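The structure appears right after this line, and notes come after that.
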2 protein chains.
Amino acid sequence: MATGRTHRPATRSRGIPEATVARLPLYLRALTALSERSVPTVSSEELAAAAGVNSAKLRKDFSYLGSYGTRGVGYDVEYLVYQISRELGLTQDWPIVMVGIGNLGAALANYGGFASRGFRVAALIDADPAMVGKPVAGIAVQFIDDLERIIDENGVSIGVIATPAGAAQQVCDRLVAAGVTSILNFAPTVLSVPDGVDVRKVDLSIELQILAFHEQRKAGEENGAPAPAAAAPVAPPVAARTAAAPAAPADAPGDGRNGPDGDMPAVMPA
Amino acid sequence: MATGRTHRPATRSRGIPEATVARLPLYLRALTALSERSVPTVSSEELAAAAGVNSAKLRKDFSYLGSYGTRGVGYDVEYLVYQISRELGLTQDWPIVMVGIGNLGAALANYGGFASRGFRVAALIDADPAMVGKPVAGIAVQFIDDLERIIDENGVSIGVIATPAGAAQQVCDRLVAAGVTSILNFAPTVLSVPDGVDVRKVDLSIELQILAFHEQRKAGEENGAPAPAAAAPVAPPVAARTAAAPAAPADAPGDGRNGPDGDMPAVMPA
DNA sequence: CCATCTTTGTGCACGCGTTCACAAAGACAT
DNA sequence: ATGTCTTTGTGAACGCGTGCACAAAGATGG
C-alpha cells in the first residue's frame with residue numbers, strides 16, 4: 001500500500017476502528033460497481049471477494065456501522081452504498097485546494113478520481129508566477145499569495161500538497177494557519193502539524209522500496225543461500241570509530257557516486 | 001497513509017516485521033538528509049523526530065537489523081545509510097516498467113523519486129498506438145504488444161500499473177506471466193495475483209475519503225452533538241424489503257442533492 | 001405453521017505491533 | 001583507573017486487529 005499514517009489519534013473515532021475506516025472506501029468502490037450493474041443484493045462472501053478482503057472481516061467492519069444486512073439474503077447494495085457514503089462523509093461536498101502544480105500536481109488535478117466522490121477541486125495554487133493563470137484541468141492556477149483568501153472564501157478544510165519536499169512544511173503551515181485541518185501530502189517529507197490536524201502521506205518512492213525489499217528476499221531464497229551478500233546475520237558493530245572525524249563517509253560507500261550500475265562494494269568497515 | 005497492502009504473506013520476512021520494513025525507507029530518507037549535511041552521528045531520539053516516529057519504536061526496528069549504534073553516542077549516519085540500503089535491496093539496480101502512460105503515468109515517469117534510489121525506468125508501455133514513440137521523461141513509449149519481450153530482455157521484476165481500472169487486471173496478468181513478481185498498482189481496482197507475487201496499491205481517492213471521514217467527525221464534534229444526523233447509534237435494519245425491486249435507492253436518501261449543509265435527513269427506511 | 005437452509009452478527013482466542021521502563025554498554029571527565 | 005552520564009538494546013505488558021467458529025435470525029419451501 002502506498003499510504004502511511006502520520007500523527008493519527010489512534011483512538012477509534014466514534015467506535016469505528018481506524019483499520020475499518022481505511023477499508024470502507026474499498027467496500028464502497030466494490031458496491032458502486034455492483035450498483036452500476038444493477039445488482040440488488042450481495043452476500044458478505046461475494047462482496048469480500050470483490051473488495052479483496054476476508055468475509056469475516058467485512059462482516060465485522062459492517063457491524064461497527066450498524067445492523068444492515070439481512071440474514072439468509074445478504075446486503076442491499078443501494079442501501080449499503082448510501083450508509084457507507086454517509087459514514088465517510090461523502091454525502092456532502094468537500095472543496096479541496098491543491099498546492100504545487102508541477103508534473104504530479106497537474107496529473108492529480110486531471111485525475112478523475114478526485115472529483116468523482118464528493119470532492120471538488122476549488123483551486124490550484126502554485127508559487128511559480130509563470131504558472132499563474134495557466135489552465136490545468138480546466139482551472140486557472142492561482143498564485144500562492146492568495147492561499148489564505150482562497151481557503152477562506154471557499155470554506156476549504158482539505159488540502160493536497162504536491163510541492164517539492166523543501167516547500168512542503170512551509171505550505172503546510174500556511175494551510176493549517178488558514179484553517180485547513182486535513183492534509184494529503186505527496187511531498188517526500190515528514191510534516192509536523194498541531195493536534196487536531198490529520199495528515200496522510202503518499203510516497204511513491206517508499207512503496208517501491210518496500211517492494212524491493214520483498215523482491216530481494218525472493219531472489220535470495222531462490223539462489224540457494226538465505227540471502228546473497230546480505231546474509232551476514234550479525235554485522236560487525238561500528239565499534240571504535242567515534243571521534244575519528246567525519247572520515248566515516250570515506251570508508252562505507254566507495255565514494256559519493258558509486259559505479260554506473262549503482263551497486264555498492266560488499267566491503268564493510270572493520 | 002495512501003497505501004494499502006494486498007495479499008501480503010503477513011509472515012515476517014527473515015525475522016523483520018512487515019511494519020518495520022515499511023518504516024525503513026522513512027529512516028533512510030531522514031538519514032540521507034543528515035548525510036548530506038555531513039552529520040556524523042545521530043541519537044535515536046533525534047532520528048526518530050526527523051522520521052516522525054517514536055524513538056523506542058525506532059530502536060526496536062533497528063534491533064531487528066542488528067546491533068548497529070554505539071551506546072552513549074548514537075548511530076553512525078553513513079554506516080546506517082548503507083545498512084538500511086542493503087537491507088532494502090537498494091544497493092542493486094532495479095529495472096522497472098511502467099504500463100499506462102496517461103496523465104498519472106507520465107507524471108510518475110517524470111517524478112525524480114523513482115530513479116533516485118536504485119530504481120531505473122527500463123521502459124514505458126502504453127496500449128494507445130498514438131502514444132507509441134512519443135518521448136516521455138526522455139524515454140520513448142513502447143507498444144504493449146512488446147511487453148513480454150521488454151520484461152524478458154531487461155530482467156524486469158517490478159512493474160508499475162497506471163492504466164485505467166478496466167485494463168489493470170489484464171495488464172497485471174500479462175506482467176505476472178512475463179515474470180514480474182512485484183507490482184505497484186495505481187489503478188483503482190483490486191488485483192488478484194498468484195502466490196509469491198507482491199502487490200502494493202496507491203489509491204488517491206481512497207486517501208481523500210479517509211480524510212473526509214475524520215474531517216466530518218471533527219466538524220460534527222464542534223457543532224455540539226457527538227454527531228449531527230449521523231448519530232442514530234443503531235440504525236433500523238433493512239428488514240422487509242427484499243424482492244421490493246430496486247426501489248431501494250428511492251427511500252434511503254431524501255433526494256439526489258440534500259440540504260445546503262450537505263447533511264442527510266435522519267429518516268431511515270422502516 | 002413447521003422444517004430446513006442460507007447468511008449474518010459476534011464472542012473468543014491468537015498474534016502482531018507498540019510502548020514503557022530499565023539494565024547493560026560504552027564514552028567522557030577527573 | 002574509576003565514577004558519572006548518556007544512550008542503546010530489549011524484556012515484558014498492553015492493546016488492537018484478525019480470523020475462527022457458531023448461534024441467532026430470517027428466508028424459503030412444503
Side-chain angles (χ1 to χ4, degrees), chain A residues 1 4-5 7-13 15-24 27 40-49 51-76 79-80 83 234-235 237-244, chain B residues 1 4-5 7-13 15-24 27 40-49 51-76 79-80 234-244:
Chain A
M1 120 186 21
R5 281 157 209 158
H7 180 56
R8 185 53 37 78
T11 101
R12 40 179 69 182
S13 326
I16 300 182
E18 186 63 27
T20 295
V21 172
R23 278 189 295 268
L24 290 182
Y27 301 143
T41 59
V42 274
S43 68
S44 63
E45 204 71 47
E46 295 167 325
L47 185 54
V53 301
N54 185 298
S55 72
K57 194 186 296 185
L58 178 141
R59 288 198 300 275
K60 180 147 291 194
D61 282 343
F62 285 177
S63 77
Y64 292 115
L65 307 183
S67 252
Y68 314 141
T70 309
R71 300 181 189 224
V73 175
Y75 299 91
D76 183 287
Y79 186 62
L80 204 47
Q83 288 298 341
V234 185
V238 59
R241 197 216 324 172
T242 28
Chain B
M1 119 182 21
R5 282 157 209 161
H7 181 57
R8 185 53 39 76
T11 103
R12 42 179 68 183
S13 325
I16 301 183
E18 186 62 28
T20 295
V21 172
R23 277 188 295 267
L24 290 182
Y27 302 144
T41 59
V42 273
S43 67
S44 63
E45 203 72 48
E46 294 167 325
L47 184 54
V53 302
N54 185 298
S55 73
K57 194 186 295 184
L58 178 142
R59 287 198 300 275
K60 179 143 290 198
D61 282 343
F62 285 176
S63 77
Y64 292 114
L65 306 185
S67 253
Y68 314 142
T70 307
R71 300 180 190 227
V73 175
Y75 299 90
D76 182 287
Y79 186 60
L80 204 47
V234 185
V238 59
R241 198 220 317 176
T242 29

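Worth saying up front: this structure is predicted, and the values here are computed from it rather than measured.
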Exercise. To the nearest Å, give me how far apart CD1 (A:I16) and P (D:dG17) are.
Key: 12 Å

Quiz prompt | Separation of atom CG in B:L65 from atom C1' in D:dT8, rounded to whole Å | solution = 14 Å

Quiz item: Between D:dA25 atom C1' and A:R59 atom CZ, what is the distance in whole Å?
Solution: 14 Å

Quiz item: Of the non-hydrogen atoms in B:Y64 and B:G15, which two are nearest, and what is the gap between them?
Solution: CD2-O, 3.7 Å

Self-check item: For atom OH of A:Y64 and atom C1' of C:dT10, their distance in whole Å
Solution: 10 Å

Exercise. Mark yes or no for a side-chain to base donor-acceptor pair under 3.5 Å between B:K60 and C:dT19, with no hydrogen or angle criteria applied.
Key: yes

Quiz item: Whole Å only: how far is the CG atom of B:D61 from the P atom of D:dT8?
Solution: 14 Å

Exercise. Please state how far atom CG in A:D76 lies from atom C1' in C:dT8, giving the value in whole angstrom units.
Key: 15 Å

Quiz item: Are A:Y75 and C:dG9 close enough that a side-chain N or O sits under 4.0 Å from OP1 or OP2?
Solution: yes

Quiz item: Between A:D76 and A:Y68, is any side-chain donor less than 3.5 angstrom from a side-chain acceptor?
Solution: no

Self-check item: Candidate nucleotides D:dT18, D:dA27, D:dT8, ranked by approach to the side chain of A:V73 - the nearest
Solution: D:dA27

Exercise. Mind calculating the distance between CG (A:L24) and C1' (D:dG17) to the nearest angstrom?
Key: 15 Å

Quiz item: When you check the phosphate oxygens OP1 and OP2 of C:dT18, does a side-chain N or O of B:R23 lie under 4.0 Å from one of them?
Solution: yes

Quiz item: Of the non-hydrogen atoms in A:S44 and A:S55, which two are nearest, and what is the gap between them?
Solution: O-CB, 3.9 Å

Quiz prompt | Atom-to-atom span, CD of B:E45 to C1' of C:dT19 - whole angstrom | solution = 13 Å

Quiz item: Can a donor-acceptor pair under 3.5 Å be found between the side-chain atoms of A:R71 and the base atoms of C:dT8?
Solution: yes

Quiz prompt | Residue A:T70, side-chain heavy atoms: nucleotide from C:dT18, D:dA27, D:dA21 that is nearest | solution = D:dA27

Quiz item: Between A:Y27 and A:D61, is a side-chain contact (heavy atoms from CB on, under 4.5 Å) present by the stated rule, with each step listed?
Solution: CA-CA 10 Å; A:Y27 301 143; A:D61 282 343; 2.5 Å; yes

Quiz item: So, for B:F62 and B:L80, which heavy atoms are closest and what is the spacing to 0.1 Å?
Solution: CE1-CD2, 3.3 Å

Quiz item: Hey, does the side chain of B:S43 come within less than 4.0 Å of D:dT7's phosphate (OP1/OP2), counting only N and O?
Solution: no

Practice problem: Return the 5'-most residue of the pair A:N54, B:A56 with respect to DNA chain D, ranking by each residue's nearest nucleotide. | Solution: B:A56

